[in-house]
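Within every chain, numbering begins at 1; the chains are lettered A, B, ... in the order of the sequence lines, protein sequences first and strands thereafter.
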2 protein chains.
Amino acid sequence: MSPTDGKGPRAQRKAARPMEILEAAFEEFSAQGYAATRVEDIARRVGVTKGTVYVYFESKEVLFGEMMRHLSTPLADTRAHIRSLEGPYPQRIEAFVRYVYQRLVADRKTRELLRLVVAEGARFPHLADRQDEEFMQPLCDAAGEMIREGVACGAFRPTPLAEIPELLISPALLRAVEHLMFDDRRSTDLEDFIAAHLELLWSALLPCEERTGTNGRTARPDA
Amino acid sequence: MSPTDGKGPRAQRKAARPMEILEAAFEEFSAQGYAATRVEDIARRVGVTKGTVYVYFESKEVLFGEMMRHLSTPLADTRAHIRSLEGPYPQRIEAFVRYVYQRLVADRKTRELLRLVVAEGARFPHLADRQDEEFMQPLCDAAGEMIREGVACGAFRPTPLAEIPELLISPALLRAVEHLMFDDRRSTDLEDFIAAHLELLWSALLPCEERTGTNGRTARPDA
DNA sequence: TAGAATTGACTGACCCTTTAGTCAATGAAA
DNA sequence: TTTCATTGACTAAAGGGTCAGTCAATTCTA
């Protein structure tokens, strides 16, 4: 039974408050950083006053922690999603790579989570650990496994990518960091970038004779 | 004539102060972030009081700006250094790659500069621009040029790396970000990582028949 | 050279704004 | 009428920024 079931408008509002506050906290904390964010700003964004925020969260620090936890939860299904990929290995790799760009570059929430971890990680070390546990490690493990399978069944050549899958996702991270630094001021075409990234991967993964230069699908994604 | 020439101890101390303060400011700002750093902390680190800091810098914000400028200046010679690389193209690439790891991963100052740009870039946009202008762009331009030369003279195969040299340095950036997130808690071997990175590059750059798996020198760097 | 006068780098107490956190009063929903 | 989510005025503490005063280094004078 959901918390909004069979309740009057008062109870519904109350039930919705914590989430509203977490969303507003995300906007403010990611834009200003922890120390520079005022609880009053978060409250104003929700349309209430500071006192209300303290009804739902006992302190600014707790609110920040809860907000980070809230941000991290959608990452939990990363591993399952990746394991569900099907088809020939190169296409699986491409789907995987596009998924990584989707999360790390296109999805603002994940991107800003990265900013907060880098910016505030020194004072909240568990943030980095959770982010790694729930996102980076699953991603890398799944990628490594996929590549080793591909190698085992002869689709891919042996490659250090199998042992160090971070190499596979690093270009996406670079785009994410660029995005964090310049927002939208320096945006070269992402599709071109991904195409080049895939090209680089094929040269490492595919046997020489299969490298045509247009493996997988490097064309724009259409329906 | 240097500012310490022929001066008494009083004048020498005065001349040294701004630099001392900038160094202390770097330590505090990079550890705590702009908003959470107190000018008093910076002063204490130097061994003076807050008032003294305000003798040399008119405000916290100006001090931060000057500190960032001070940090950025050593980056200026990046381009020259890269152009001075010599020898066969694969060795030049390897030297370049190692230089990038040196700066981005091993050099604490450059790494923390990255943290500050990501963390504070939203409120000080010119920081990102300068960092890019003086470091990232020269690095990428030089790399792109080197690869295109290598392709032109037949040492390398045509490759999208020539047009998108960011791909070449992205693994180093990943290590830098990991370092920022975990400090020293998660350090897999850097040499293994670089070796794998180079391996990946050779599979993209070298003709098939030259790819032995141990191009360049993948052994530990010795004298 | 010795002592007096001057300088100026530095201090630390102070001001004032900002902001985390509190709580008695309020008024709309139940 | 009762309940309780919300308010907004309040406190306390923190921290940016100021400045008159201090004393050691330096310069001047005899």
Side-chain angles (χ1 to χ4, degrees), chain A residues 3-68 116 120 123-124, chain B residues 3-68 119-120 123-124:
Chain A
T4 63
D5 280 358
K7 296 286 177 59
R10 191 105 174 280
Q12 277 185 33
R13 183 121 89 174
K14 182 180 165 70
R17 280 286 186 241
M19 207 64 105
E20 286 173 20
I21 295 171
L22 289 173
E23 292 293 330
F26 162 70
E27 297 298 336
E28 294 296 326
F29 281 133
S30 63
Q32 323 289 336
Y34 176 77
T37 294
R38 285 169 302 162
V39 176
E40 185 104 35
D41 293 339
I42 297 171
R44 189 174 307 125
R45 186 177 277 270
V46 176
V48 298
T49 59
K50 196 168 47 155
T52 302
V53 173
Y54 281 96
V55 169
Y56 295 93
F57 299 93
E58 68 182 63
S59 71
K60 183 185 179 183
E61 195 168 328
V62 166
L63 172 56
F64 182 74
E66 292 294 312
M67 181 274 283
M68 290 299 279
L116 285 166
E120 314 291 348
R123 253 164 318 153
F124 303 93
Chain B
T4 64
D5 283 357
K7 296 285 176 62
R10 191 112 174 277
Q12 277 183 35
R13 184 121 90 172
K14 182 181 164 72
R17 279 286 184 245
M19 208 63 106
E20 287 173 19
I21 294 171
L22 289 174
E23 292 291 331
F26 163 70
E27 298 297 337
E28 294 295 327
F29 281 133
S30 62
Q32 323 289 336
Y34 176 78
T37 294
R38 286 170 301 162
V39 175
E40 185 106 37
D41 293 339
I42 296 171
R44 189 174 308 125
R45 187 177 275 270
V46 176
V48 297
T49 59
K50 197 168 46 155
T52 303
V53 173
Y54 282 96
V55 169
Y56 295 93
F57 299 93
E58 67 183 60
S59 71
K60 183 185 180 184
E61 196 168 329
V62 166
L63 172 56
F64 182 75
E66 293 294 313
M67 182 273 284
M68 290 299 281
E120 314 292 347
R123 252 163 320 154
F124 302 94

Tell me which donor-acceptor pairs under 3.5 Å the side chains of residues 17-27 of chain B have, and how far apart each pair is, sequence neighbours excluded?
{"from": "B/R17", "atom 1": "NH1", "to": "B/E20", "atom 2": "OE1", "distance (Å)": "2.7"}
{"from": "B/E23", "atom 1": "OE2", "to": "B/H70", "atom 2": "NE2", "distance (Å)": "3.2"}
{"from": "B/E27", "atom 1": "OE1", "to": "B/R108", "atom 2": "NH2", "distance (Å)": "2.5"}
{"from": "B/E27", "atom 1": "OE2", "to": "B/R108", "atom 2": "NH2", "distance (Å)": "3.0"}

Could you tell me the separation between the [atom1] atom of [X] and the [atom2] atom of [N], rounded to a whole number of Å?
| X | N | atom1 | atom2 | value |
| --- | --- | --- | --- | --- |
| A/Q12 | C/dA28 | CD | P | 20 Å |
| B/R44 | D/dG15 | CZ | P | 10 Å |
| B/Q32 | D/dG16 | CD | C1' | 17 Å |
| B/R13 | C/dT7 | CZ | C1' | 16 Å |

>> Using the side-chain contact (heavy atoms from CB on, under 4.5 Å) criterion, which residues pair with B/V55? Sequence neighbours excluded.
In response: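 Testing B/V55 for side-chain contact (heavy atoms from CB on, under 4.5 Å), a comparison that skips the adjacent residues, returns none.
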> Aromatic rings A/F29 and A/F64: how do their planes relate, parallel, tilted or perpendicular, breaks at 30° and 60°?
Replying inline: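 The rings of A/F29 and A/F64 stand perpendicular, inter-plane angle above 60°.
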> Residues in side-chain hydrogen bond (donor to acceptor under 3.5 Å, both in side chains) with B/R123, at least two apart?
Replying inline: B/E120
Where do N or O atoms of nucleotides 16-21 of chain C meet protein N or O atoms at under 3.5 Å, pair by pair?
{"from": "C/dT19", "atom 1": "OP2", "to": "A/R38", "atom 2": "NE", "distance (Å)": "3.4"}
{"from": "C/dT19", "atom 1": "OP2", "to": "A/R38", "atom 2": "NH1", "distance (Å)": "2.8"}
{"from": "C/dA20", "atom 1": "OP1", "to": "A/T37", "atom 2": "O", "distance (Å)": "3.3"}
{"from": "C/dA20", "atom 1": "OP1", "to": "A/K60", "atom 2": "NZ", "distance (Å)": "3.3"}
{"from": "C/dA20", "atom 1": "OP2", "to": "A/V39", "atom 2": "N", "distance (Å)": "3.0"}
{"from": "C/dA20", "atom 1": "N7", "to": "A/K50", "atom 2": "NZ", "distance (Å)": "3.0"}
{"from": "C/dG21", "atom 1": "OP2", "to": "A/Y54", "atom 2": "OH", "distance (Å)": "2.9"}
{"from": "C/dG21", "atom 1": "OP2", "to": "A/K60", "atom 2": "N", "distance (Å)": "2.8"}
{"from": "C/dG21", "atom 1": "N7", "to": "A/K50", "atom 2": "NZ", "distance (Å)": "2.9"}
{"from": "C/dG21", "atom 1": "O6", "to": "A/K50", "atom 2": "NZ", "distance (Å)": "2.6"}

>> With side-chain hydrogen bond (donor to acceptor under 3.5 Å, both in side chains) as the rule and sequence neighbours excluded, what pairs involving residues 41-51 of chain B come up?
In response: B/E28-B/R45, B/R38-B/D41
> Can you list every side-chain hydrogen bond (donor to acceptor under 3.5 Å, both in side chains) pair that touches residues 54-67 of chain A, not counting sequence neighbours?
Replying inline: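 Checked against side-chain hydrogen bond (donor to acceptor under 3.5 Å, both in side chains) - neighbours excluded - no pair reaches residues 54-67 of chain A.
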>> If you assign B/K14 and B/G51 each to the DNA chain C nucleotide with the nearest heavy atom, which residue ends up on the more 5' nucleotide?
In response: B/K14
>> For a quick check of understanding: with a heavy-atom distance under 4.0 Å over all strands, which category does A/Y56 fall into, base, sugar-phosphate or nothing?
In response: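 Since only primed, P, OP1 and OP2 atoms lie under 4.0 Å of A/Y56, the category is sugar-phosphate.
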> Taking only N and O in the side chain of A/R17, is any of them less than 4.0 Å away from OP1 or OP2 of D/dT6?
Replying inline: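 Indeed, a polar side-chain atom of A/R17 lies that close.
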> Within the pair A/T52 and D/dA5, is there a side-chain N or O less than 4.0 Å away from OP1 or OP2?
Replying inline: no
> B/T49 has a side chain; which of C/dG12, D/dT6, C/dA9 sits nearest to it?
Replying inline: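 Nearest listed nucleotide: C/dG12.
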